[in-house]
Amino acid sequence: MFSRTSIGMSAALPVVPRASAGRAADVQVLSASASVEVSELTTGTLLMRVARDGVAARGPFATVSLRVDHTFVSVSLPLLLGVDALKATLQEALPDGYVPLLSHGGDAIILTVLRTVTHRQPDVFCTSRDARQRVRRTGPNRFTLRGNARGHSRLVLRVDGQAWRLALEAGERPLDVAERLRAALQPRWTALLDASTEPGGPVSVTVLPRR
């Protein structure tokens with residue numbers, strides 16, 4: 001995942017992800033396998049690097065234990081499967097109401113854990129009638145869009161009973177549709193978008209009240 005062979009060598013650190021739609025959680029490193037080096041940069045933000053002999057000597061997974069606010073989280077991180085796999089693993093391990101934001105460069109990964117439950121969570125339900133762009137609900141106020149739209153179809157988003165209907169055009173990527181949804185939700189709601197590093201990849205959408 002963050003090995004020199006899977007990401008490449010670079011002296012520059014990645015940019016710290018912006019936590020614009022929520023607040024950074026209080027994250028403390030409790031323990032980590034010898035194959036990774038994990039340090040705290042700022043509140044809610046960690047720097048992770050694979051150890052010099054990490055993957056070759058100790059295998060393709062690393063166990064990291066964290067305290068996220070008042071919850072203890074232990075997760076086995078894949079070191080060779082790419083940033084999207086790491087993000088999915090972290091999202092599954094974190095409690096509801098938290099999302100991981102990642103940035104990578106060279107052999108380093110910067111992780112920010114964002115606390116999204118700053119107000120009551122809205123009840124969110126999204127459906128797609130498109131043959132190629134699918135929706136999967138991943139939390140009370142979160143869902144994931146996958147696949148480019150075939151078009152001539154419709155996506156329906158419901159937030160606390162209020163509905164928005166978007167006509168999908170042929171070839172629209174998940175990020176295109178997610179950005180349209182975020183604009184449609186204003187002024188009462190906003191959406192935190194967590195996009196794949198691959199063009200046209202899946203996008204996680206978390207709906208939040210506007211402050």
Side-chain angles (χ1 to χ4, degrees), residues 1-2 6-7 14-22 77-78 80-105 109-117 121-210:
M1 163 77 47
F2 18 160
S6 61
I7 292 180
V15 177
V16 177
R18 294 180 60 188
S20 59
L77 301 176
L80 295 175
L81 299 183
V83 176
D84 289 343
L86 175 59
K87 185 186 302 179
T89 301
L90 286 165
Q91 182 64 76
E92 184 175 351
L94 289 172
D96 287 342
Y98 295 86
V99 293
L101 301 182
L102 282 85
S103 177
H104 73 87
I109 291 280
I110 287 184
L111 162 67
T112 295
V113 178
L114 192 65
R115 184 190 304 121
T116 62
V117 184
Q121 284 182 304
D123 183 27
V124 175
F125 192 72
C126 186
T127 57
S128 173
R129 296 182 180 274
D130 192 89
R132 294 178 181 170
Q133 188 168 98
R134 310 313 300 163
V135 179
R136 183 171 68 91
R137 195 181 195 203
T138 54
N141 63 330
R142 186 171 65 245
F143 58 92
T144 298
L145 296 170
R146 282 182 190 277
N148 293 346
R150 183 175 182 177
H152 305 292
S153 55
R154 180 175 293 182
L155 181 144
V156 180
L157 174 65
R158 290 183 173 84
V159 181
D160 281 355
Q162 184 178 358
W164 289 264
R165 294 172 174 82
L166 269 66
L168 300 179
E169 301 295 333
E172 274 196 294
R173 301 172 303 170
L175 183 58
D176 299 329
V177 175
E179 289 176 340
R180 290 175 59 202
L181 284 173
R182 180 166 58 183
L185 287 169
Q186 297 181 11
R188 184 178 177 186
W189 308 100
T190 188
L192 172 67
L193 308 183
D194 191 8
S196 167
T197 57
E198 299 179 2
V203 177
S204 175
V205 181
T206 303
V207 179
L208 302 169
R210 289 184 67 86

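A quick note: this is a predicted structure, and the numbers were derived from the prediction, not measured. For reference, positions follow the sequence shown, starting with 1.
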Give a yes or no answer on whether the side chain of Lys87 reaches the backbone of Asp194 with a donor-acceptor pair at less than 3.5 Å.
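Flag not set: sc Lys87 to bb Asp194 has no pair under 3.5 Å.
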
Closer than 3.5 angstrom, by distance alone: can the side chain of Gln133 be matched with the main-chain N or O of Leu168 as a donor-acceptor pair?
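It does not hold such a pair.
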
Of all residues at least two apart in sequence or in a different chain, which pass the side chain to side chain contact (heavy atoms under 4.5 Å, CB included) check with [X]?
{"X": "Arg154", "answer": "Val156, Arg165"}
{"X": "Ala88", "answer": "none"}
{"X": "Arg173", "answer": "Asn148, Asp176"}
{"X": "Thr144", "answer": "Thr138, Arg146, Pro202, Ser204"}

So, taking the atom named [atom1] in [X] and the one named [atom2] in [Y], what distance separates them when rounded to the nearest 0.5 Å?
{"X": "Phe143", "Y": "Thr127", "atom1": "CZ", "atom2": "OG1", "answer": "10.0 Å"}
{"X": "Ser153", "Y": "Leu166", "atom1": "OG", "atom2": "CG", "answer": "10.5 Å"}
{"X": "Ser128", "Y": "Arg136", "atom1": "OG", "atom2": "CZ", "answer": "14.5 Å"}
{"X": "Gln91", "Y": "Tyr98", "atom1": "CD", "atom2": "OH", "answer": "12.5 Å"}
{"X": "Ile109", "Y": "Ser103", "atom1": "CD1", "atom2": "OG", "answer": "8.0 Å"}

May I ask you to test the [X]-[Y] pair for a side-chain heavy-atom distance under 4.5 Å?
{"X": "Leu90", "Y": "Val113", "answer": "no"}
{"X": "Leu77", "Y": "Leu86", "answer": "yes"}
{"X": "Thr206", "Y": "Leu193", "answer": "no"}
{"X": "Val207", "Y": "Arg142", "answer": "no"}
{"X": "Val177", "Y": "Val203", "answer": "no"}
{"X": "Thr112", "Y": "Pro100", "answer": "no"}
{"X": "Val99", "Y": "Leu192", "answer": "yes"}
{"X": "Phe125", "Y": "Val159", "answer": "no"}

Contacts of type salt bridge (charged side-chain N to carboxylate O under 4.0 Å, His left out), residue Arg137, not counting sequence neighbours
Asp123

Contacts table for residues 180-187: side-chain donor-acceptor under 3.5 angstrom, sequence neighbours left out:
unit_1 : atom_1 : unit_2 : atom_2 : d
Arg180 : NH1    : Ala167 : O      : 3.1
Arg180 : NH1    : Glu172 : OE1    : 2.9
Arg180 : NH1    : Glu172 : OE2    : 3.0
Arg180 : NH2    : Ala167 : O      : 3.3

Among all residues two or more places apart in sequence or in another chain, which pass the side chain to side chain donor-acceptor pair (under 3.5 Å) test with Thr89?
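Counting only residues at least two positions away or on another chain, Thr89 forms no side chain to side chain donor-acceptor pair (under 3.5 Å).
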
Any salt bridge (charged side-chain N to carboxylate O under 4.0 Å, His left out) pairs touching residues 125-134, not counting sequence neighbours?
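For residues 125-134, and leaving out neighbouring residues, there are no salt bridge (charged side-chain N to carboxylate O under 4.0 Å, His left out) pairs at all.
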
